[in-house]
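Encoded as structure tokens, the structure appears first; notes follow it.
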Amino acid sequence: MYGVGVAFQPSGASSSAGKSSKEKKRHDEDDEEEDDNEAKGVDAWERAYADERSWEDLQEDESGLLRPIDTKTLVHAQYRKRLLLRSSAGGSVVSRIQKGLIRYLYVVIDLSRAASETDYRPSRMAVVAKQAEAFIREFFDQNPLSHVGLISIKDGLAHRLTDIGGSPEAQIKALMGKLECSGEASLQNALELVHGYLSQIPSYGHREVLILYSALNTCDPGDIMETVQRCKKAKIRCSVIGLSAEVFICKHLCEETGGTYTVALNESHFKELLLEHAPPPPAIAEYAAANLIKMGFPQRGAEGVVSICSCHKEAKVGGGYTCPRCKVRVCELPTECRTCGLTLVSSPHLARSYHHLFPVAPFDEVPPHGRPGQRLPTACFGCQLSLVGQGVQPILRVSCPKCNQHFCLDCDIYIHESLHNCPGCESQRISAV
Amino acid sequence: MASAPSKLYQDDASLVVALLDTNPFFWAAASLPFSEFLQHVVPFINSLLLLNQLNRVVLIATGTSSCGYIFDSGEANSNANANANANALCSGIIKKLEDFVGKDSKIAKGPNGNGDATRPAISSLLSGSLSLALCYIQRIFRSGARHPQPRILCIQGSPDGPEQYVAVMNSIFSAQRSMVPIDSCIVGTQHSAFLQQASYITGGVYMKPQQLDGLFQYLAAVFATDLHSRNFLRLPKPVGVDFRASCFCHKKTIDLGYVCSVCLSIFCKYHKKCSTCGSEFNQGTVDSTTREQKR
Amino acid sequence: MAVISVATRYKITVKDAGIPGVLKMNEERFVFQPNDPRSLMKLNIEFRNIKGHKFSKDGSKQALLNLTQDSEKGTGYIFEFDNFTDRNSCRDFVGRVLGKLQSVPARPNDQSVPEKPAGPSFAEQLSTTEMERRIKLLREDSELQRLHKQFVLSGVLTESEFWATRKALLGEDGNHTTKQRPGFKSAMLADVRPSADGRTNKVTFSLTPEIMHQIFAEKPAVHRAFLNLVPSKMAEKDFWTKYCRAEYLNRTKNAVVAAAEAAEDEELAVFLKHDDILANEARRKIRRVDPTLDMEADVGDDYIHLPDHGILRDGQKDTAETETEVSRRTLSQDLNRHAAVVLEGRTLDVELSDTRTVAEALARSKKELSSNEKSEENVNLERQERVARMTELEDLQGSREPPYASLCIKDPREYFDSQQANALRALGGTEFGTHILDSSLSKEEAYRYLKEQISEVKSRGLKNPVIRPDTALQVFSGLSQHLSSTRFQLGKNPQESALDRIPHRTKDELMQHWTSIQELLRHFWSSYPITTAGLYNKVQRVKDAMAQIYQKLQEIKESAKSDFRHQVSLLVQPMLQALDAAFAHYDLEHQKRTTKSGAKPNGFVK
Amino acid sequence: MPQVRIVARNFMDMVAALPAAKLDKLYDSSFICEAVLRSLPPLAKKYVLQMLFVDFPMTAKSMEEWVLPDGISKHKVAIDRLLQLRVFIEVTDRKKEPSYKMNQKFQSNMQKYLISGGTLPREAMTLNAVVRLPSVEELDTYALEQWECFLLQLINSSQVEKPTSFSSSMMRAFQRGLLSSSRDNEAPRLTESGFQFLLMETNAQLWYIIREYISSAEERGMDPTDLISFLLELSFHTLGQAYSANTLTEVQRLAIKDLADLGLVKYQQGRKEGCFIPTKLATNLSVTLSDASSRKEGFVVIETNFRMYAYSSSRLHCEILRLFARIEYQLPNLLVGAITKESLYNAFENGITADQIVSFLQQNAHPRVAEKTPAVPENVTDQMRLWENDRNRVDMTPSHLYEDFPSKDLFEACCDFARDYGCLLWEDTKKMRLIVKGELHQQMRDFLRGQR
């Protein structure tokens with residue numbers, strides 16, 4: 001019936017796409033295999049149940065009415081766990097620590113056959129691509145001075161999709177262009193390739209690899225352990241997000257190079273894990289190399305000035321920026337001067353990164369009924385949301401260790417995720433100095 | 001489909017979070033007396049509520065030693081539906097304002113009666129009120145698919161406080177991220193670097209009225225315009241901002257400088273050691289062109 | 001000996017039309033000069049790169065002469081002559097020269113770029129494929145061609161310099177990936193499965209070299225057999241058919257037939273009986289089990305003997321009956337074996353074309369592997385620590401978090417100061433930074449004043465009207481005027497106002513100059529800091545070229561008609577500025593070099 | 001088509017339609033002014049605001065200064081509306097360029113409003129006078145019940161337990177256009193527009209009814225302006241406050257009763273004096289219809305297997321869903337059903353289109369499914385459309401047959417003529433007959449006349 005047709009379209013399409021005729025035969029057989037499994041399975045709508053178990057978020061109240069369970073509190077709990085974890089790792093509680101503000105990150109996307117699995121809808125590959133796009137945008141939003149490159153693993157080989165660069169759009173376009181998966185995955189080839197590129201990066205840059213790994217194995221030409229050591233020597237911080245299950249070698253890799261290894265449970269979890277990598281990681285002492293970077297702060301072209309921009313090769317009136325060194329015009333900041341290769345930024349771009357230097361200390365949970373002899377504020381200091389819960393159990397609240405103002409959990413998240421300063425502390429004269 | 005119903009929602013329904021500068025030192029010196037000022041602002045708030053019954057206005061006072069909510073048309077007690085008697089509304093605002101100033105002054109005096117009486121803080125806590133406003137707006141965003149279009153209006157007079165720079169910038173970027181324009185109306189004699197950048201970056205309107213006695217007209221004609229209508233109207237553009245930096249060492253504007261890779265502080269010439277974060281620069285600077293060659 | 005020069009046509013392949021030109025030959029080199037000066041097919045080749053020469057028979061329809069570069073690939077320089085007499089004269093000439101060269105031992109030809117190349121010369125260093133790729137690029141992109149002509153042919157840039165900035169175009173980063181070798185397929189050999197066509201009961205196995213290689217690696221016995229039998233005893237094909245036959249029997253698990261066949265055919269038997277090499281290897285291994293991969297490591301948890309449990313192998317489950325005990329064992333052994341091979345990694349890199357070579361290569365690698373077999377005890381050590389890592393309980397381990405670099409910001413205020421000054425300048429608020437609020441009055445007074453004001457409003461209430469009508473009108477019209485003023489200053493549509501008034505000819509000319517300037521500048525800046533003499537020369541060349549263009553621009557500016565001179569100068573101005581910047585930089589550097597004062601850390605340039 | 005009447009915007013159009021004198025009379029009440037102001041398009045609002053304190057006519061040019069190129073159309077619409085509602089009055093000064101000034105009354109009213117706010121003709125009653133004020137929730141539920149059972153009665157009067165006190169004549173007035181008034185012995189069936197009506201959002205329905213009510217009021221010899229102003233006034237009463245009925249005029253007291261039936265107000269008979277409590281419906285009156293829809297939350301979940309789950313306890317919903325789906329189980333707040341060919345067919349029978357149903361399902365999609373696109377699975381929507389299509393393989397076009405032409409060439413001429421208008425359906429050259437779409441008949445006639 002209709003549903004089934006929909007169901008195995010992705011798997012069929014993805015795994016028989018673009019294969020060398022030599023291997024064609026074997027893969028076709030695989031397809032048959034998959035199809036069998038599909039056939040054993042159930043209709044699309046039934047499978048939707050099997051996967052999402054949607055009935056579980058319904059509950060019956062006393063009067064026999066069906067109500068959805070609200071997962072809000074749960075989410076908050078998880079969030080706070082992560083926050084505390086991060087901050088303890090970042091050690092922002094005790095003392096400020098350096099962050100890798102200028103990052104050179106290669107995102108490695110596993111497009112091996114394993115990526116065509118449909119345990120993520122519609123397929124791992126699609127999900128990875130979708131989230132990777134979101135990630136890249138977020139990444140550039142958080143680290144305007146950083147660079148990203150894309151690499152894909154396919155048929156046991158690693159290919160560079162995009163050169164390491166500063167523009168999100170280009171990256172995303174390249175990624176979306178190359179979406180088909182086949183063959184085996186090879187960590188070693190990928191790492192070797194990345195190693196090749198990242199070893200050219202100037203010393204002040206923080207070298208990172210983020211591997212989105214669908215496969216449960218790696219087929220390498222040589223001994224991967226050596227490669228891992230080489231990465232460690234080259235100060236490349238390798239992180240892996242697995243989509244299927246924990247794999248020893250990935251864990252080993254991350255532990256060795258100071259990266260993080262996580263395995264996603266489902267799409268939303270995957271997204272969370274991925275976005276964890278958007279804020280700059282704490283700089284590892286032995287890796288960290290301070291340095292002065294030469295940068296240009298171009299002035300906005302005055303109105304009326306006509307000049308030919310080097311990005312579009314066309315004459316523009318007004319606006320735009322002129323490289324202070326070679327006096328060539330560019331349209332957008334931040335960028336790298338096409339002619340003299342000078343990094344061009346504007347002061348706000350630097351400012352965007354400042355909050356990484358002054359992180360907001362995580363708030364502490366307030367015991368539901370406050371400490372003895374303490375009157376709790378009735379509303380969230382941030383958004384004025386009432387904190388007096390109706391009925392028995394009070395609404396959860398947190399308070400800033402510095403200014404002791406109370407906040408609702410939503411504000412807590414917003415303050416730490418996006419705002420990056422504590423309204424309480426900011427509206428005190430004392431805190432300012 | 002999810003977006004479709006939200007389109008049904010009235011285009012011009014808007015939430016205006018207005019930040020009033022209540023810096024006593026400023027108002028004491030200002031050409032426009034505070035009472036006059038209120039004479040313009042309060043009717044403006046009424047007019048906003050008048051335009052659309054879904055409109056909401058929130059007032060936040062920006063003090064020198066504290067910030068606080070003055071008024072929220074959304075709250076039940078200040079009768080939500082705007083057909084409430086404007087008198088009540090006005091007096092309500094005044095009352096709250098009075099309380100706030102009282103509180104503010106107490107805090108300023110500090111516990112021991114006299115705070116730092118030597119040098120009174122002349123800047124008001126813009127960063128604080130901006131943060132509050134943003135928190136509130138986030139709450140509105142959370143309230144569901146259909147919510148009034150939020151924007152922030154800063155009515156500011158007192159000069160910027162250098163120590164707030166990072167915080168203010170953070171707020172600005174957060175506003176930009178959630179597409180909340182920050183309008184700024186300068187009632188002081190001097191421009192504000194903060195708000196100028198804020199409006200420029202978030203795509204709001206930055207304006208410094210010439211005739212302060214016509215303040216209401218400025219507010220009504222420019223700042224009352226809802227975001228939807230702004231697509232069709234030409235409003236006073238914010239002046240282009242010079243985004244060059246000036247170095248930490250000599251405070252002189254530079255267009256070619258060196259940035260510390262650790263703390264991003266800016267220097268006009270090469271240093272052995274970063275004066276801000278104290279990290280040593282062992283092997284000279286790396287000019288990005290050298291990388292070009294390696295390629 | 002004489003120098004000979006003949007009109008001819010140079011062609012990359014015999015088929016294509018070829019480029020008309022003149023072929024000059026002397027003792028040691030021959031030069032092809034196309035009639036069309038723009039063409040890139042200039043050749044300047046030393047005879048010692050030429051291995052031999054072929055030519056078409058007299059009276060055949062084409063009078064061809066092919067100077068072959070290397071015999072096995074058969075690539076070379078093909079010339080077609082108008083008549084045979086010319087061809088023959090050339091042929092004889094070549095013959096003589098080559099003859100000479102044979103007698104002289106051929107020096108290894110140095111392929112370095114000459115500092116100052118005399119005119120265009122790239123055929124020397126480049127493989128024809130490379131050359132063709134570039135030519136193609138140039139053909140497709142007229143602008144590129146223009147630049148190439150303008151600079152390379154005029155000797156401002158060397159070929160290599162020109163292309164160095166266009167790696168991406170040439171797709172040269174491709175060669176990173178070519179170095180990679182795929183690892184072993186993780187798919188088990190079992191994947192070699194027969195595909196039966198429905199009608200006949202004939203089954204076909206599809207073996208790719210890939211798979212064969214894998215078979216060799218995983219089944220030493222087969223490997224050995226192959227080395228022994230092929231091609232001495234049987235053809236490769238027969239060998240594989242036998243193998244497949246065996247496979248098939250194994251699969252279908254009719255032990256009887258298998259036994260029978262094995263009896264009458266000893267080669268087949270090889271495949272059917274257990275792999276002895278493996279067996280004793282295993283015996284050797286069993287002493288140092290690698291816990292990371294041996295399935296048999298704990299027999300305890302195989303539950304295959306339980307009813308209706310079986311190992312899913314290629315889709316169908318083989319439930320365990322007692323007589324298939326064998327097959328089960330082999331499966332688990334296969335797994336181990338496979339795992340081992342995969343971990344061993346692919347040690348040989350011959351392209352998997354000819355099976356024989358593969359087999360031998362594999363054998364070789366095997367030998368040396370066994371030769372440098374690690375001595376027993378450090379194997380044991382390694383094994384021990386492996387085991388240790390496997391068995392350690394993570395939650396008992398301390399976190400491996402490396403120490404983080406700490407950070408101390410002295411005064412956040414600095415960050416603002418870096419902004420304030422110029423932000424204000426932009427607004428022309430000069431008094432701004434200095435302006436300090438009258439802080440003479442104390443807090444008390446200030447607050448009191450504020451409170452008074454508020455209470456005043458409280459008492460008086462709001463006044464009506466809020467503002468006087470005339471003020472309102474005044475303000476409004478003021479705003480309107482402001483708006484209208486800004487609009488007109490901006491102009492309707494920037495683009496057309498800028499360029500379209502300028503006649504196309506001039507415009508194109510300008511654009512051309514601009515692109516060439518871009519090109520030059522890119523080379524100019526990228527060659528700093530000057531480290532080698534090569535770079536130095538390059539800079540010199542580039543600078544001169546820029547100087548010329550500078551002149552041209554000036555001329556354009558002068559020549560521009562009065563009515564659009566303004567626009568032209570507007571456009572030209574930025575270019576001049578860019579060039580000026582370059583010159584300034586050059587001079588600065590120059591005197592730095594002369595007076596050795598500018599000793600900057602690692603030759604960094606300001 | 002009848003249902004154009006159904007698509008009811010708020011009745012500002014109705015107000016706009018009033019003659020100038022009556023309009024100005026309306027503007028006496030500051031509430032009307034406010035209501036009108038709020039009904040304006042965004043740009044118009046802004047213009048009013050910036051003109052509020054300008055008593056000098058403002059040239060159209062100076063206003064256009066503010067408009068961006070792609071805003072022109074909006075600008076025009078805004079200005080037209082303002083003039084139409086006589087908020088702006090066009091004056092041409094000596095320089096002969098058009099300029100606008102604001103309606104005196106309107107302006108002064110608004111100015112006052114800004115300073116002191118409007119004052120209702122009646123104050124909310126002090127609590128002790130009232131027995132007990134219902135909570136806002138109660139009021140909402142009450143309003144909804146009232147409204148729904150009114151609707152129920154509207155669609156099939158048979159199964160209503162407590163019928164409203166509307167005179168059958170008025171009921172009929174409401175039903176006109178919605179129900180096909182067939183022979184009395186059988187229950188009247190809903191017309192196509194009737195279905196559309198049911199599928200509209202509450203507020204739109206409300207407005208439709210109110211319009212009907214007002215127009216029918218005219219027949220009953222009431223002045224519509226009184227009603228309009230009263231209704232608008234009502235919309236500014238505070239929700240849930242009680243107001244004494246004694247303050248009402250005769251007309252209004254009559255109206256209140258009916259409004260109570262519609263659920264706009266809750267009428268409570270105190271000891272000596274009655275009082276009425278405006279409900280959500282009433283206070284939303286002055287709002288443009290789309291906002292009210294925003295209040296409502298979807299409840300339907302459709303699955304790829306054509307099953308339908310509706311989280312609703314309302315009988316009206318049940319009724320509506322019945323129109324096109326087979327209801328199988330009914331839990332306290334959950335309806336389970338399926339969309340089947342049969343169920344759809346009898347919906348089609350009644351002239352309801354697949355697209356209407358689809359849009360209804362999409363508008364009322366349960367928030368959980370509303371998030372994902374499409375809210376209604378494609379295969380379902382497609383299937384519905386398919387089913388609809390194969391019903392109307394034959395489609396009717398009213399047309400005219402012309403035959404026995406006097407001459408060949410006249411026939412040809414006619415054919416060409418019809419063809420030019422793309423109205424030629426069929427021609428038979430031999431017998432010289434052709435069939436032409438109905439709408440062309442008139443021109444055809446004239447054309448023929450012209451020929452001879």
Side-chain angles (χ1 to χ4, degrees), chain A residues 98 101-102 141 145 200-205 283 288-300 303 324-325 333 336 340-343 345-348 350-355 357-358 380-385 407-408 410-411 414-415 418-423 426-429 432-433, chain B residues 64-67 69 72 108 121 125 127-129 131-132 134-136 138-139 142 161 163-164 166-167 169-171 173-174 177-178 197 201 240 242-245 254-264 266-267 270-271 274 279-283 285-292 294-295:
Chain A
Q98 291 183 19
L101 292 181
I102 298 169
D141 184 57
L145 301 178
Q200 306 171 350
I201 298 306
S203 63
Y204 60 79
N291 217 329
L292 277 181
I293 313 151
K294 186 165 194 187
M295 286 193 188
F297 298 90
Q299 193 166 7
R300 256 193 96 74
E303 305 289 332
R325 184 158 71 178
L333 294 184
E336 207 164 67
C340 68
L342 182 68
T343 329
V345 296
S346 70
S347 47
L350 297 182
R352 264 180 189 285
S353 307
Y354 288 160
H355 71 79
L357 304 174
F358 310 99
C380 164
F381 183 81
C383 67
Q384 295 294 294
L385 187 75
F407 295 93
C408 67
D410 290 315
C411 282
Y414 174 64
I415 289 168
S418 170
L419 184 56
H420 301 301
N421 48 37
C422 164
E426 285 309 321
S427 42
Q428 288 177 0
R429 180 55 58 184
V433 281
Chain B
T64 52
S65 42
S66 68
C67 301
Y69 285 86
D72 178 355
L125 296 163
S127 59
S129 50
S131 310
L132 287 181
L134 286 167
C135 282
Y136 189 92
Q138 287 304 313
R139 173 180 156 196
R142 285 194 298 271
E163 66 282 356
Q164 299 173 34
V166 175
M169 280 323 242
N170 288 345
S171 326
F173 293 129
S174 183
R177 218 170 286 124
S178 41
Q197 291 209 4
I201 292 173
D242 179 0
F243 277 138
R244 285 180 304 172
I254 55 172
D255 51 12
L256 201 56
Y258 304 97
V259 176
C260 167
S261 67
V262 175
C263 66
L264 299 183
I266 307 163
F267 303 103
Y270 182 71
H271 290 256
C274 173
S279 40
E280 306 275 351
F281 304 135
N282 34 14
Q283 65 283 60
T285 75
V286 183
D287 187 336
S288 30
T289 45
T290 55
R291 212 173 83 237
E292 286 300 297
K294 288 220 197 69
R295 285 252 182 87

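Residue numbers begin at 1 in each chain, while the letters A, B, ... track the order of the sequences.
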(request) Quick one: which of A:G382, A:C380, A:S346, A:S353 has the most heavy-atom pairs under 4.5 Å with chain B, could you say? (result) A:G382

(request) Could you have a look at A:G296, A:S418, A:G205, A:C408 and say which one has the most heavy-atom pairs with chain B under 4.5 angstrom? (result) A:S418

(request) Please examine the side chains of A:Q384 and B:R139, heavy atoms only from C-beta on, and report whether any two atoms are closer than 4.5 Å. (result) yes

(message) Let's test your reading of the structure: which of B:I201, B:D255, B:L132 forms the most heavy-atom pairs below 4.5 Å with chain A?
(response) B:D255

(message) Is it the case that the side chains of A:S427 and B:S66 hold a donor-acceptor pair, with the cut-off being a distance below 3.5 Å and no angle test?
(response) no

(message) Are the side chains of B:Y270 and A:L292 in contact, using a 4.5 Å heavy-atom criterion?
(response) yes

(message) What's the separation between atom CG in A:L385 and atom CD in B:Q138, rounded to the nearest 0.5 Å?
(response) 13.5 Å

(request) Name the member of B:N170, B:V259, B:L134 that forms the most heavy-atom pairs with chain A at distances under 4.5 Å. (result) B:V259

(request) Take B:S261 and A:N291 through the side chain to side chain donor-acceptor pair (under 3.5 Å) test and state the conclusion after the steps. (result) CA-CA 5 Å; B:S261 67; A:N291 217 329; over 6 Å; no

(request) Specify the closest pair of heavy atoms between B:S174 and A:Y414, including all atoms of both residues, with the distance to one decimal. (result) OG-OH, 2.6 Å

(message) Measuring only between side-chain heavy atoms, which start at C-beta, is B:V262 closer than 4.5 Å to A:L101?
(response) no

(message) In the structure I gave you, are the side-chain heavy atoms of A:P348 and B:F173 within less than 4.5 Å of one another anywhere?
(response) yes

(message) Let's test your reading of the structure: which of B:C67, B:A167, B:S178 forms the most heavy-atom pairs below 4.5 Å with chain A?
(response) B:A167

(request) Could you check if a side-chain atom of A:E426 sits within less than 4.5 angstrom of a side-chain atom of B:L125, using non-hydrogen atoms only? (result) no

(message) For A:F381 versus B:Y69, what's the shortest heavy-atom pair and its separation?
(response) O-CE1, 3.9 Å

(message) Within the structure provided, determine whether A:F297 and B:I266 are in side-chain contact (heavy-atom separation under 4.5 Å).
(response) yes

(request) Verify side chain to side chain contact (heavy atoms under 4.5 Å, CB included) between A:L342 and B:L256, making sure each step is shown before the conclusion. (result) CA-CA 10 Å; A:L342 182 68; B:L256 201 56; 3.3 Å; yes

(message) On a heavy-atom basis, which atom in A:L357 and which in B:C263 lie closest, and how many Å separate them?
(response) CD1-O, 3.5 Å

(message) Using 0.5 Å steps for rounding, measure from the CG atom of A:N421 to the CD atom of B:Q164.
(response) 10.0 Å

(message) Given heavy-atom pairs under 4.5 angstrom as the criterion, report whether the side chain, backbone, both or neither of A:F407 touches chain B.
(response) neither

(request) For A:L419 and B:S171, work out which heavy atoms get closest and say how close. (result) CD1-CA, 3.8 Å

(message) Regarding B:R177 and A:D141, does a basic nitrogen lie under 4.0 Å from an acidic carboxylate oxygen?
(response) yes

